[in-house]
Amino acid sequence: MRLERRMDEKYFPEKIEEKWQKHWEEAGAFAVERDDQRTPFYCLEMLPYPSGFLHMGHVRNYSIGDALSWYKRLQGFNVLHPIGWDSFGQPAEQAAIKRGINPRDWTEENIKHMRGQLKRMGVSYDWRREIAAHTPEYYKWDQWFFLKMYERRLAYRRMSQVNWCPKEETVLSNEQSSGGVCWRCGSPVVKKDIEQWFFRITDYAEQLLEEMKEIEAGWPERVLTMQRNWIGRSTGAFVDFAIKDTDAQVRVFTTRIDTIYGANAIVVAAEHPLLTELLEDSQLKTDVMRFVEYVKASARNRMTFDEEEVEKEGINTGLIAINPFSGEALPVWVGNYVLMEYGTGAVMSVPAHDERDYEFAQKHSLPIRRVIERISHEQKAIDHDPGRADQSTAMETAFTDYGILVNSGDWSGKLSEDAIALMTRFAEEKGFGEEAITYRLRDWGVSRQRFWGAPIPIIYCAACGTVPVPEKDLPVRLPDHADFTGTGESPLAGVAEFVNTTCPKCGEAARRETDTMDTFVDSSWYFFRYCDPHNDAAPFDKEKIAYWTPVSQYIGGIDHAVMHLLYTRFWTKVMRDIGLISFDEPVKRLMTQGMVTNLVEGTNEWKRMSKSLGNGVDPDDMIAAYGADAVRLFVLFAAPPENELRWQETGIEGAVRFLRRIYGMVWRWHERLSDASQRESAPAAEEFSTEARALRRKTHQTIQRITEDFEELHLNTSVAALMGSEARWPKADEELARKEELEIPVQVNGKLRSRIHATPDTPEDELRASALADDKIRSFTDGHEIVKVIVVPQRLVNIVVR
RNA sequence: GCCGAGGUGGUGUAAUUGGCAGCCACGCAGGUCUUAGAAGCCUGUGCCGCGAGGCGUGCGGGUUCGAGUCCCGCCCUCGGCACCA
């Protein structure tokens with residue numbers, strides 16, 4: 001810290017903070033450029049949505065990032081520490097709908113205010129690199145990437161469901177349709193199929209899983225687990241069942257082909273295409289279709305109500321499938337528990353060895369045949385009646401473990417593991433199946449029927465069909481105005497000068513796509529743009545990117561563990577495949593901070609701060625009352641960064657007290673200190689008194705400890721150990737940090753009884769001797785036989801007596 | 001149900017990874033200064049006991065000279081996913 005000639009005696013945070021913030025701004029203190037002589041460090045915090053006000057979660061996020069940035073900067077790294085705005089999205093549009101405010105004006109007003117708040121917090125950003133998603137300079141490149149995706153067939157259009165209010169004829173988001181009713185008019189929300197754009201993230205499912213090993217060391221296990229679950233890889237087999245008296249067949253996915261001799265039915269999802277194809281002439285058609293409609297309708301309600309277990313219902317279609325292994329005829333059912341979106345939308349039902357199938361079979365009186373026996377007594381014994389084919393009365397639950405095959409023709413006697421491999425190969429050889437890997441992950445739907453987002457750069461021409469906007473015509477700009485009624489189609493559809501255009505191919509009149517992109521598109525690559533924020537020829541310069549990225553440390557909320565972080569990993573891999581970058585993973589280290597909670601008034605519950613609960617704390621008020629430094633210090637100190645942080649105002653008071661003490665100390669000594677800083681060389685050890693040497697030792701020990709803590713982002717313990725700071729990050733001198741004299745605990749039978757003093761290099765036998773000679777110790781050892789003495793040099797002595 | 005992370009004072013937490021359990025704070029109690037209060041500052045503060053001492057890291061066992069830390073078996077809390085075949 002550079003010490004000014006004139007210092008106030010008392011600690012006035014706003015005065016000090018204002019002075020330094022002004023100084024940093026004028027000096028461009030945090031502006032950085034690529035410098036091949038220096039090692040880069042990219043410290044990134046999740047960019048905020050400009051809602052209008054910073055909240056405590058932001059304060060925590062940026063305080064952690066700023067502490068790390070300072071630490072790395074003082075160590076000599078070239079630190080890139082940028083900020084920007086995730087400035088597209090729903091709230092701006094709602095302000096437009098509710099209050100008639102232009103979304104752009106609303107957004108930019110908010111940014112202006114929040115930028116001021118960040119500056120008042122004193123976060124060390126390179127403000128020249130600030131970006132905002134809603135500016136044409138930025139979303140032009142969203143559109144450019146969309147075109148690249150389209151070229152590579154990673155962007156495609158298909159029918160997909162949205163929440164739809166039939167009264168207002170408008171698309172609703174999940175939040176707008178919570179409880180199954182429209183947020184505005186209260187009408188029941190229905191599902192509607194419309195054409196929407198998707199990114200083929202499923203093409204990258206395997207890489208998203210596989211390349212996790214590159215980041216395993218730097219990401220929280222929790223986040224990786226959540227992503228693994230989300231991707232949901234499952235290996236098994238496809239098996240084709242021919243439908244009797246037709247040319248058709250139904251394909252099922254199973255992880256347990258070894259149980260196929262126990263199949264009692266084929267169950268398909270309500271949406272399965274087979275139903276409309278094959279039931280044309282069936283007498284059962286009406287009944288089946290009525291059931292299908294019933295299932296679709298109740299699925300809709302379940303989306304929003306989140307019920308518990310749903311009863312397994314089904315209906316027999318009258319169709320007969322042939323088990324390709326046994327030749328057995330099986331009925332084909334429609335079941336409400338089979339999902340069209342997963343696997344093939346059809347399953348073979350094996351009630352003896354699958355709980356869901358068991359439940360279904362019991363409910364509909366289908367036979368149950370056991371085909372797997374336990375191989376060890378540790379597996380649960382399940383009653384069954386070997387004398388009968390049908391076990392539906394004997395078996396009380398399904399047996400889902402691996403075991404040994406029975407009642408399975410030539411396969412009987414094999415172990416499940418072996419049978420799975422052999423039977424899969426057999427199916428493949430005979431041409432009625434193959435090994436299969438399925439994923440839970442679905443393609444990324446990016447269409448939004450909204451105004452406030454990046455327009456999708458596609459034109460529909462009657463003659464040429466779907467035509468991408470040529471790169472030279474980017475950006476496709478959002479119009480300045482639209483009608484924000486909140487009803488009808490996407491607001492862009494009502495802006496004639498936007499919609500009506502000419503086809504880039506044939507020049508005839510054509511229409512633009514009126515959907516805009518999901519805001520997760522903006523946040524998938526924003527931190528690459530920070531490295532080259534004003535480039536108008538490309539999303540960024542490859543060389544600059546190669547210097548700064550991947551991100552050294554990313555910090556943000558756990559709520560983005562799956563979507564944002566999975567999308568940005570996907571985006572990175574696509575950028576790699578396009579040739580823009582040469583690595584697989586965008587973020588080397590990730591830290592997910594915990595929530596900031598506060599007591600909810602009238603209860604003793606700690607809940608995340610929110611407007612609706614009325615337990616929010618305004619950072620501005622806190623900064624005004626205690627100063628930014630105290631607020632930031634408290635936030636770092638109060639809990640480990642990944643834990644929940646319980647807001648306690650008395651805690652900030654503690655932080656202020658600490659700062660005041662430090663300030664007072666510096667004030668008392670500042671003249672002496674500035675003299676000392678003039679000296680050419682460090683003073684020799686002899687110049688110090690014993691007390692001064694002890695103080696210097698303590699300082700170096702503290703530096704050592706904080707250095708270790710910072711590397712692991714253990715900021716709470718850093719603060720606990722903190723004493724002072726200097727101009728550059730000091731390197732701890734191990735020699736100076738070493739203790740001159742140690743206090744060595746002496747135990748008798750593992751219980752602490754006394755302490756002896758010794759220098760660090762005291763040899764073992766000397767320690768043993770002084771421990772045994774200690775009066776206090778002798779009162780415990782006298783009259784006992786000494787069995788053993790354990791001496792850990794510099795640590796402890798333990799005497800074992802009998 | 002499956003997966004993951006955790007259980008340490010009145011509270012938030014700490015413990016150089018097997019070596020003095022409770023650092024640093026909050027809170028509380030006492031003292032000092034003050035006409036009084038606030039703010040400072042000083043002292044104390046795991047529990048039981050006047051004391052010597054005993055007991056203490058969710059519970060029960062084990063390994064070890066020594067366990068908050070390692071092993072086995074339970075219990076509880078939080079988070080994620082969940083009819084995923």
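These values consider heavy atoms only, across backbone and side chains, with no hydrogens, waters or symmetry-generated copies. All chains are named by letter (A, B, ...) in the order of the sequence lines, taking the proteins before the strands, and each is independently numbered beginning at 1.
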Any strand, both distances under 3.5 Å, Watson-Crick or G-U wobble: B/G18 pairs with none
Describe the nucleic acid contact of A/R222 in one word from base, sugar-phosphate, nothing, applying a heavy-atom distance below 4.0 Å. sugar-phosphate
Nucleotide opposite B/U32 in a Watson-Crick or G-U pair, distances under 3.5 Å: B/G40
Lys NZ or Arg CZ of A/R660 over A/Y11 ring: under 6.0 Å, within 45°: no
Scan A/N798 against the nucleic acid and name what it touches under 4.0 Å (heavy atoms): base, sugar-phosphate only, or nothing. base
Would you kindly compare A/N229 and A/I744 by the position of their nearest RNA chain B nucleotide and give the one closer to the 5′ end? A/I744
Which glycosidic conformation, syn or anti, is assigned to B/G9 if syn requires a torsion within 90° of zero? syn
chi for B/U17 classified (syn = within 90 degrees of 0, anti otherwise) as syn
How many Å lie between CG on A/D401 and C1' on B/A85, as a whole number? 16 Å
Which one, B/C81, B/A14, B/U16, comes nearest to the side chain of A/R795? B/U16
How would you label the contact of A/R753 with the nucleic acid (heavy atoms, under 4.0 Å): base, sugar-phosphate, or nothing? sugar-phosphate
Contact class for A/G232 (heavy atom, under 4.0 Å): base, sugar-phosphate, or nothing? nothing
Base, sugar-phosphate, or nothing: which does A/V338 touch, judged by heavy atoms less than 4.0 Å apart? base
Rounding to an integer number of angstrom, what distance separates B/C70 and B/U63 when you compare their C1' atoms? 8 Å
Name the residue closer to the 5' end of RNA chain B, choosing between A/K788 and A/N643 according to the nucleotide with the nearest heavy atom. A/N643
